[in-house]
Amino acid sequence: MSAVIVVHGGAWAIPDDLAQASVAGVKAAARRGFLAMKTGASALEAVELAVRTMEDDPVFDAGHGAVLNADGEVELDAIIMDGRTLAAGAVSCVRNIPNPVSLARAVMEKTDHVMLTDRGANRFAQSIGIQEVSPESLVTEQERREWEKNRKYSSGVKDLFNSQWGHD
Amino acid sequence: TVGAVALDCSGNVACATSTGGIRNKMVGRVGDSPVIGSGGYADNLSGAASCTGHGESILRVTLARLILFHMEQGKGTAEAVNVSLTYMGERVRGGGGAIAVSRTGDWAARFTTERMAWAALEEERLTYGLNPGE
């Protein structure tokens, strides 16, 4: 049977200035996963490698390059699933893990559970020695600027609606 | 959001999805990505899928499992993804995209948003796209 890998970098209104880098990123991820399978890796290992490649690429909203929530914090989610056994592992709301997909795989392989969240996921990551980084290192300067702009815009809209000049 | 699906030489499938969420999202909001059957699903009996797009809509239709359900019912991979995305658009007005691979290696990358970067590699042949129709 021939190996196949397909990857995506997110469905949204990708602006022109991110278009070329996004396509380059998904091509690199597909190549990395496929090469791994050619040298004996399983489909599970291939999808983890491919997703790690994109988590490490700041052009994508995952791992490095993550967007910020309303409080200006990073909150990352990931899942991985093995079609052989229906085993699955997932994490949500982790803040300082550069490759959440690998933490999700650890949840699948090293616990009896399917999902760990927030501080429990981080505590588990520490207990098994998963790499941790400062959350700031996952955020690009461009995302900081976008978040600041978005935040000001939101407060501007609220001001309009709360004032006598409010309109839709 | 990023994702991958694969079929290896032994006939095993897998999926993975990872995300940073939505800018300015409510603290503690979790979308579809880490939820089994929504952000991803894999079963050797049918195939694997990874989803992206409006998380709350994907959660409401359990998009990844819906795609595999249609594949189990005999639809081709591209048709299964298209039918599922159309259902999501019609029922909950959500846009998104998905990649899927069947247990026989039939694959698809489809989306209803403006763009989605994707790439597929099989038998040394790399296919990729960004805009609708590519």
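Computed from heavy atoms alone, side chains included, the values below leave out hydrogens, waters and symmetry copies. Convention: sequence-line order gives letters A, B, ...; per-chain numbering from 1. Only a predicted model underlies this, so the values are computations on that prediction, with no experimental measurement involved.
Neither the backbone nor the side chain of B/L45 comes within contact range of chain A; no heavy atom of the residue lies under 4.5 Å from a heavy atom of that chain. Heavy-atom distances place the side chain of A/A50, and not its backbone, under 4.5 Å from chain B. Neither the backbone nor the side chain of A/V94 comes within contact range of chain B; no heavy atoms are under 4.5 Å apart. Contact annotation for A/L68: only backbone heavy atoms (N, CA, C, O) come within less than 4.5 Å of a heavy atom of chain B. Proximity to chain B (any heavy atom under 4.5 Å) is shown, for A/A13, by both the backbone and the side chain. Heavy-atom distances place both the backbone and the side chain of A/E146 under 4.5 Å from chain B. If you measure heavy-atom distances from B/V101 to chain A, the contacts under 4.5 Å come from the side chain alone. For A/W147, the parts lying under 4.5 angstrom from a heavy atom of chain B are both the backbone and the side chain. Heavy-atom distances place the side chain of B/L126, and not its backbone, under 4.5 Å from chain A. Of the two parts of B/R103, only the backbone, made up of N, CA, C and O, holds a non-hydrogen atom closer than 4.5 Å to a non-hydrogen atom of chain A.
The side-chain heavy atoms of A/L44 and B/N12, taken from C-beta on, include no pair separated by under 4.5 Å. Under the 4.5 Å side-chain criterion, counting only non-hydrogen atoms from C-beta, A/M37 is not in contact with B/C9. A 4.5 Å side-chain heavy-atom check between B/E124 and A/F34 finds at least one atom pair inside the cut-off. Side-chain atoms of B/T1 and A/H8, non-hydrogen and from C-beta on, do get closer than 4.5 Å to each other. Looking only at side-chain heavy atoms (C-beta outward), B/R115 and A/D16 come within less than 4.5 Å of each other. For the pair B/T113/A/W12, no side-chain contact is recorded, criterion being any heavy-atom separation below 4.5 Å from C-beta on. Contact annotation: the side chain of B/E114 never approaches that of A/I14 to less than 4.5 Å [non-hydrogen atoms, C-beta and beyond].
Of the listed residues (A/T117, A/V26, A/D61), the one with the most heavy-atom contacts under 4.5 Å to chain B is A/D61. The choice from B/I99, B/L121, B/V27, B/T104 that makes the most heavy-atom pairs within less than 4.5 Å of chain A is B/L121. Listed options A/E45, A/M1, A/R105 were ranked by heavy-atom pairs under 4.5 angstrom with chain B; first place goes to A/M1. Chain B forms more heavy-atom pairs under 4.5 Å with one residue of A/A90, A/A3, A/A30 than with any other, namely A/A3. Of the listed residues (A/E48, A/E73, A/K38), the one with the most heavy-atom contacts under 4.5 Å to chain B is A/K38. Taking A/L86, A/N69, A/V101, A/V23 one by one and counting their heavy-atom pairs under 4.5 Å with chain B, the maximum is reached by A/N69. Residue with the most contacts toward chain A among B/N131, B/T112, B/D43, B/V35: B/D43 (heavy-atom pairs, distance under 4.5 Å). When the candidates B/G47, B/S10, B/A109, B/G28 are compared by the number of heavy-atom contacts under 4.5 Å with chain A, B/G28 comes out ahead. Between chain B and the options A/T85, A/V51, A/L18, heavy-atom pairs under 4.5 Å are most frequent for A/V51.
Nearest heavy atom pair, residue A/I80 against residue B/A16, reads CG1-CB, 4.0 Å. For A/N150 against B/N24, the heavy-atom pair with the smallest separation is OD1-ND2, 3.1 Å. Closest non-hydrogen pair, B/V2 versus A/A62, comes out as CG2-CB, 3.9 Å. Pairing each heavy atom of A/M54 with each of B/G3, the nearest pair is CE-O, 3.5 Å. The nearest pair of heavy atoms linking B/G96 to A/A11 is C-CB, 3.9 Å. Closest approach of B/V30 and A/D77 over heavy atoms only: CG1-OD2, 4.0 Å.
Connection of A/V139 to B/I22 is not established within any shared hydrophobic cluster, with ILVMFWY side chains joined at heavy-atom distances below 4.5 Å, either directly or through further cluster members. Cluster membership for B/F69 and B/V83, using ILVMFWY side-chain heavy atoms within less than 4.5 angstrom, is not shared. Under the 4.5 Å side-chain heavy-atom criterion for ILVMFWY residues, no single connected hydrophobic cluster contains both A/M81 and B/V13. In the hydrophobic cluster analysis, where Ile, Leu, Val, Met, Phe, Trp and Tyr join through side-chain heavy atoms closer than 4.5 angstrom, B/M116 is grouped apart from B/I67. Note: the hydrophobic cluster containing A/V133 also contains A/L103 (ILVMFWY, side chain heavy atoms under 4.5 Å, direct or indirect links).
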Inset, instruction - Dump the intermediate steps for side-chain contact (heavy atoms from CB on, under 4.5 Å) on A/I79 and B/I36, then the final yes or no. - result: CA-CA 7 Å; A/I79 189 171; B/I36 189 167; 4.0 Å; yes
Inset, instruction - For the pair A/E75 and B/R29, evaluate side-chain contact (heavy atoms from CB on, under 4.5 Å) and give the outcome as yes or no after the intermediate values. - result: CA-CA 9 Å; A/E75 286 186 334; B/R29 176 264 188 189; 5.7 Å; no
Inset, instruction - Go through the steps for B/E123 and A/S2 under the test side-chain contact (heavy atoms from CB on, under 4.5 Å), then give the verdict. - result: CA-CA 7 Å; B/E123 295 176 352; A/S2 297; 2.8 Å; yes
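In summary, the side chains of A/E55 and B/S18 do present a donor paired with an acceptor at a separation below 3.5 Å, with no hydrogens or angles considered.
Annotation: B/R60, atom CZ; neighbour count of heavy atoms from other residues, nucleotides and ligands within 6.0 Å does not exceed 12. Within a 6.0 Å sphere centred on CD of B/E56, heavy atoms belonging to other residues, nucleotides or ligands number more than 12. Around CD of A/E141, the count of heavy atoms belonging to other residues, nucleotides or ligands within 6.0 Å does not exceed 12.
Salt-bridge check for B/K25 with A/D71: failed, with every basic side-chain N at 4.0 Å or more from each acidic carboxylate O.
Side chain of B/D8 to main chain of A/S42: no donor-acceptor pair is present (N/O by atom type, distance under 3.5 Å, no hydrogens or angles).
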